[in-house]
Amino acid sequence: MGKQEDFVLRALEERDVRFVRLWFTDVLGYLKSVAIAPAELEGAFTEGIGFDGSAIQGFARVSESDMLAHPDPSTFQILPWRGDGPATARMFCDITMPDGSASYADPRYVLKRTLQSAAEKGFTFYTHPEIEFYLFKGQPEAGTIPVPVDQSGYFDHTSQSHGSDFRREAITMLEAMGISVEFSHHEGGPGQQEIDLRYADALSTADNIMTFRTVVREVALGQGVWASFMPKPFTEHPGSGMHTHVSLFEGDRNAFFEGGAEYQLSKTGRHFIAGILHHAAEITAVTNQWVNSYKRLIGGGEAPSYISWGHNNRSAMVRVPMYKPNKGQSTRVELRTIDAACNPYLAFAVVLAAGMKGLENEYELPREAEDDVWSLTDRERQALGLQQLPKTLYEAILVAEKSELLAETLGEHVYDFFLRNKRQEWEEYRGQVSAFERDRMLPVI
């Protein structure tokens, strides 16, 4: 065993840890967990913990079900919400087959494989997510409309605010787990919050997002409220996105920065944006994976619906933030399509793969969208050459089914399962009779 494993084993004893939770995600991004006693951890480090892969969404068929979870010691953290008693810790796992080969179904491995491909070309991929979510009074019940915890709006500061108390406790827990928070504030919808995580390499960020979602739900339950990352819970209020700032570094140098270039954006940065735009429709099924995701994308406002980029233009799909003097290292681009209900491992993998295609093939960046894309007429958008993103999950699936980029990035197994699952979701959704139909038709037909 190495130094990190030794550190974890010492920490278990020093911190009186009685349970260790081993975390990983299924293909759809649901967190899975198995608890082991500290005495079993040394064996887990050397041999892994066996489990039935066929019981996990998208992992394996029954005939090839045996899999192993190997804890990653670099992700060891004490869970701060377990009270004053004996401590509980967690670690993320890498999944392997019995022969030691990486599992083709492990989303974390999909991202690691994509990051390794970029590393072979000299690049490290950094991400910084702005995560939005709603807080509701009590647990939502089927057939009822959830009630937000407040009626505040964007950046509102209100005395005795439930949202500010919630954010303070959630951020304290996140910081206790080594997850740095940059900003937090009330968002535009009633009960809607935003917490932004600090820049980190994409694998750490994906792990942090999975932890973030768990912490937020735990804090909410402790305060008697309910947190939801649903992309569009209300028709009349803003959806919840996860605007993500991305950049490539070559060693300690930001590869997106070039002093004196337009917007201080290098050719590498321009090609990377062009790659995202070129493959935008293909990757949407992964970055916006639920039926409900498309209610947000067609809703206007802060959510993009057209494939476009712009300098400091918040109606564009990709935004180049304003350059700050002497801050070349912070040069980045912001992708505004992603929502926080995605599987972050797969979403970051396909965004990186699309950007790297732009670099490899030197895609030309199309004309910048200088106007509010939403205020343009269809004819004006057509004249600018603006293509629309998929309007429904069904449209996104049709594009994804023809995508070599997705098949190559996700791997055959994940690609096939993911699309089969999404087709099933769409079929179930389109057969449902909605309240809209009943309210519109029952009184008059």
Side-chain angles (χ1 to χ4, degrees), residues 27-29 58 102 104-125 127 202-203 206 242 244 246-248 255-256 268-290 293-294 297 304 306-309 317-318 333 335-339 342-366 385 387-423:
V27 173
L28 298 178
Y104 41 73
D106 179 12
R108 200 167 187 260
Y109 175 63
V110 170
L111 177 56
K112 290 175 81 169
R113 188 175 61 212
T114 312
L115 291 170
Q116 180 58 36
S117 178
E120 289 167 1
K121 298 175 175 65
F123 295 109
T124 307
F125 184 49
T127 56
L203 182 63
M242 188 173 74
T244 301
V246 304
S247 60
L248 290 179
F256 282 6
T268 297
R270 298 177 75 84
H271 289 320
F272 194 89
I273 296 172
I276 292 176
L277 298 179
H278 184 86
H279 297 285
E282 299 168 55
I283 67 175
T284 301
V286 177
T287 58
N288 306 84
Q289 74 172 54
W290 306 102
S293 298
Y294 296 82
L297 289 184
Y306 292 87
I307 300 170
S308 60
W309 76 282
M317 176 187 153
V318 177
V333 300
L335 179 60
R336 299 175 66 80
T337 42
I338 306 179
D339 59 51
C342 69
N343 182 330
Y345 300 102
L346 300 185
F348 288 166
V350 298
V351 169
L352 175 57
M356 292 303 294
K357 282 290 183 189
L359 280 182
E360 292 163 25
N361 299 320
E362 297 189 346
Y363 292 160
E364 284 299 316
L365 196 58
Q387 299 295 314
Q388 192 162 13
L389 285 162
K391 296 188 289 293
T392 64
L393 179 62
Y394 177 68
E395 287 189 13
I397 292 166
L398 291 181
V399 181
E401 286 176 334
K402 300 173 184 175
S403 172
E404 290 183 15
L405 177 84
L406 276 193
E408 177 185 304
T409 305
L410 300 181
E412 181 182 355
H413 180 91
V414 172
Y415 176 70
D416 180 61
F417 170 81
F418 188 86
L419 290 182
R420 275 192 289 115
N421 180 276
K422 294 296 110 183
R423 284 193 294 269

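We count residues from 1, following the sequence as given. These values consider heavy atoms only, across backbone and side chains, with no hydrogens, waters or symmetry-generated copies.
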Can you sort out the partners of Asn361 under side chain to side chain contact (heavy atoms under 4.5 Å, CB included), two or more places apart, ordered by chain and number?
Lys357, Tyr363

Distance col, row Leu405:CG vs Leu410:CG, nearest 0.5 angstrom, shows 8.5 Å

If every non-hydrogen atom of His413 is compared with every non-hydrogen atom of Ala105, which pair is closest and at what distance?
CD2-CB, 3.6 Å

Atom OH in Tyr104, atom CG in Asp416: separation rounded to 0.5 Å?
12.0 Å

Which pair of heavy atoms, one from Ala349 and one from Thr409, lies closest together, and at what distance?
O-CG2, 3.7 Å

Is there a donor-acceptor pair closer than 3.5 Å between any side-chain N or O of Trp309 and the backbone N or O of Pro366?
yes

Side chains of Leu346 and Pro107, heavy atoms from C-beta outward: is any pair under 4.5 Å?
yes

When you compare the side chain of Arg423 with that of Tyr394, does any pair of heavy atoms fall below 4.5 Å?
no

For Met242, is there any backbone N or O sitting under 3.5 Å from a side-chain donor or acceptor partner on Thr244?
yes

Rounding to 0.5 Å, atoms CD1 (Ile307) and CD1 (Ile276) come to a distance of 12.0 Å

Closest non-hydrogen atoms of Glu282 and Leu406, given as atom of the first, atom of the second and distance, are O-CD1, 3.2 Å

For Ser293, the option from Thr284, Asn288, Asp339 that meets side chain to side chain donor-acceptor pair (under 3.5 Å):
Asp339

Partners of Lys121 by side chain to side chain contact (heavy atoms under 4.5 Å, CB included), sequence neighbours excluded?
Ser117, Phe123, Met356, Glu360

Out of curiosity, Leu203 CG to Phe348 CZ, how far, rounded to the nearest 0.5 Å?
10.5 Å

Hey, does the side chain of Tyr345 reach the backbone of Gly29 with a donor-acceptor pair shorter than 3.5 angstrom?
no

Is Leu352 close to Phe272 at the side-chain level, that is, under 4.5 Å between some pair of heavy atoms?
yes

Identify the heavy atoms of Ala347 and Cys342 that sit nearest to each other, and give their distance.
CB-SG, 3.8 Å

Taking atom NE2 of His278 and atom CD of Gln387, what is their separation to the nearest 0.5 Å?
12.0 Å

Output all residues satisfying side chain to side chain contact (heavy atoms under 4.5 Å, CB included) with Gln388, sequence neighbours left out; order by chain, then residue number.
Ser305, Tyr306, Lys391

d(Thr337 OG1, Met317 CE) to nearest 0.5 Å is 4.5 Å

Apply the test side chain to side chain contact (heavy atoms under 4.5 Å, CB included) to residues Val286 and Asn343: give CA-CA distance (whole Å), side-chain angles for both, the deciding distance (0.1 Å), then the verdict.
CA-CA 8 Å; Val286 177; Asn343 182 330; over 6 Å; no

Specify the closest pair of heavy atoms between Ala396 and Tyr294, including all atoms of both residues, with the distance to one decimal.
CB-OH, 3.2 Å

Please report the shortest heavy-atom distance between Leu389 and Ala280, naming the atom on each side.
CD2-CB, 4.1 Å

How about Glu412: does its CD atom have over 12 heavy atoms from other parts shown lying under 6.0 Å from it?
no

What I'd like to find out is whether the side chain of Leu393 reaches to under 4.5 Å of the side chain of Trp290, using heavy atoms alone.
no

Quick check: does any side chain N or O of Gln289 sit under 3.5 Å from a backbone N or O of Leu28, one acting as donor and the other as acceptor?
yes

